[in-house]
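Basis for what follows: all heavy atoms, side chains included, without hydrogens, waters or symmetry-related copies. Quantities reported herein were computed from a predicted structural model and do not represent experimental measurements.
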Amino acid sequence: MATEWKRKGLWTSVILVSGMTLTYLIWTGKPVPASVAPPPPGPAVVDVMAAEPQLRQLEVRTQGTVRPLREMNLVSEVAGRVESVAQRFAEGSFFARNDTLARIEDVDYELAIAQAQSDVAAAEQRVAEEMGRSRQASREWRELGSSEANELFLRKPQLAAAKASLVAAKANLASAQLDLERTQLTMPFNGRVIQKHVDMGQYVTPGTTVARIYDTDVAEIRLPLTDRQVALLDLPLSYDEQIERRESGAPVTFSARFAGELWQWQGVVVRTDASIDVNSRVVYAVAEVPRPFAREEGSGRPPLSPGLFVDATITGRAMEHVSVLPRSALRSNQAVMVVDAKGLASERDVRVLQSTASQVWLQGLAEGERVIVREPTLTLAGAQVQAREVGQLASSAR
């Protein structure tokens, strides 16, 4: 039995050693692969766009809030009881130029006019009497045969005093007539009532605020502009320019959403603020929109009411040699990469005029220069690249 177990163990050892030997021979006997050098990398493929510099009129976009050109208190200049008010004298109501909004009782002022007229008549009588006495004194003095006459004897001071009294009496009459006119509360422009402070039967004194009103003939919007935006516009900065450009300033298109629809109004830049904002360091241009409450025939456009927030697009001045490229072409250092005829990339400093999330307007490129607008990795100056032409952008500037 023991001999049988020894025989089986021997065969097991022989088979194990043979298998290990065969495995070793197979592993060490396989051919080693020959080493092959990797092919050199080719030039990076980049998308390029040919620059097309030309005369372009850029547009500046900003925002602002509508406000009236004039907003003020309507104040009574005379005292008295409010005798009547117009139907249009109500909060939110419109009124026309020289409409009588309220009338103050005028009986006392008519009496004052009658008294002033009496004083004028009395002063005129006194002047006539003094003129007659002066002529009589002159005749008497000539009869005395003297060439020099005393002014007091000739009643010249008395006549001068009478004439001065007549001038004062006429001034008092004009003042009384003016007070009578002031009993009718009017404004010299078309407007709208914001707040109403008095009503019929109420007693007012000089200086009493009757209402808060604003002018509806013109609306204005203050538009903040950055230094870069100012460079694109032809703004009226001096006195002469503001006078000349009230009718021919930079056109502005205002847009706002009201009642679920987008509406537009046309205006013009007429002036700039007197100083630069000390907090934001921006320049404010002021644009005006004439007849903001007028409605065009067949149009449902709402009025350009004060307080409405609007977007503004200002037409800039025409600038030469301006190219339009995708925003991706601009580097962080305000430069672009161009590719020459040999496929070498180089950096080009440019002047950025305006940029959006998708486009950039700049100067400093020649006609036909190929600008890298898309690249797989950041291309360094002097690198060899393979350029692939892409189409031009549709520019929103004119």
Can you measure from [atom1] ([X]) to [atom2] ([Y]) and round to the nearest 0.5 angstrom?
X	Y	atom1	atom2	value
Q354	W361	CD	CH2	5.0 Å
S84	L101	OG	CG	11.0 Å
R81	D106	CZ	CG	10.5 Å
E105	E110	CD	CD	10.0 Å
L185	L74	CG	CG	5.5 Å
D108	I113	CG	CD1	11.5 Å

Atom CG of L111 with >12 non-hydrogen neighbours under 6.0 angstrom: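 Counting other residues, nucleotides and ligands, CG of L111 exceeds 12 neighbours.
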Other residues, nucleotides, ligands: >12 heavy atoms within 6.0 Å of Q87 CD: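 No - once you tally the heavy atoms of other residues, nucleotides and ligands closer than 6.0 Å, there are 12 at most.
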Answer yes or no: is there an ion pair linking [X] with [Y], defined by an N-O contact shorter than 4.0 Å?
X	Y	answer
E220	R271	yes
D217	R97	yes
E320	R56	no
E59	R61	yes
R212	E71	yes

Considering only heavy atoms from C-beta outward, does the side chain of [X] approach that of [Y] to under 4.5 Å?
X	Y	answer
V352	L330	yes
R374	V46	no
V373	V48	no
L232	R317	no
R327	S355	yes
V75	T208	no
P68	D215	no
F254	L223	yes

Grouping I, L, V, M, F, W and Y whenever their side-chain heavy atoms are under 4.5 Å apart, do [X] and [Y] come out in a common cluster?
X	Y	answer
I104	L180	yes
F89	M187	yes
L178	V167	no
I276	V230	yes
L365	M49	yes

Closest contact, heavy atoms only, [X] versus [Y]:
X	Y	value
A51	A366	CB-O, 3.7 Å
V204	V82	CG1-CG2, 4.0 Å
A90	V193	O-CB, 3.2 Å
G260	R257	O-NH1, 3.4 Å
L235	A285	CD2-CB, 4.3 Å
A250	I314	CB-CG2, 4.0 Å

Side chain to side chain contact (heavy atoms under 4.5 Å, CB included) against [X], all qualifying residues, sequence neighbours excluded:
X	result
Q363	M319, V322, R351, L353
A112	A176
S165	R126
V127	M131, L159, A162, K163, L166

Member of I221, V66, L69 meeting the side chain to side chain contact (heavy atoms under 4.5 Å, CB included) criterion with V289: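 Only one option passes, and that is I221.
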Single hit among V360, L362, V338 for side chain to side chain contact (heavy atoms under 4.5 Å, CB included) with V350: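 Running side chain to side chain contact (heavy atoms under 4.5 Å, CB included) over V360, L362, V338 with V350 returns exactly one hit, L362.
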Residue pair Q266 / T253, side-chain donor-acceptor N/O under 3.5 Å: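 On atom types as modelled, these side chains qualify, holding a pair under 3.5 Å.
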Between Q184 and T100, a side-chain donor and acceptor under 3.5 Å: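 There is such a pair (donor and acceptor under 3.5 Å, judged by atom type) between the side chains of Q184 and T100.
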Cation-pi, Y284 ring and R222 (6.0 angstrom, 45 degrees):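 Verdict for Y284: a cation-pi partner in R222.
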Could you list the residues that satisfy salt bridge (Lys or Arg N to Asp or Glu O under 4.0 Å) with [X], not counting sequence neighbours?
X	value
R291	none
D340	none
D179	R182

Derivation of the side-chain contact (heavy atoms from CB on, under 4.5 Å) call for V310 and L304: CA-CA 9 Å; V310 294; L304 191 64; 4.1 Å; yes
Under 4.5 Å side-chain linkage, directly or through intermediates, the cluster mates of F293: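 So far as hydrophobic clustering goes, F293 is joined with F94, I194, Y214.
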From CA spacing to verdict: side-chain hydrogen bond (donor to acceptor under 3.5 Å, both in side chains), E181, Q177: CA-CA 6 Å; E181 293 177 2; Q177 291 171 337; over 6 Å; no
Under 3.5 Å: donor-acceptor pair, side chain of [X], backbone of [Y]:
X	Y	value
S76	G207	no
W263	F258	yes
R103	T183	no
R192	G92	yes
T216	N190	yes

Could you list the residues that satisfy side chain to side chain donor-acceptor pair (under 3.5 Å) with [X], not counting sequence neighbours?
X	value
Q54	none
E369	R348
Q334	none

All pairs passing salt bridge (charged side-chain N to carboxylate O under 4.0 Å, His left out) where residues 193-209 contributes a residue, at least two apart: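 Qualifying pairs, neighbours excluded: K196-D199.
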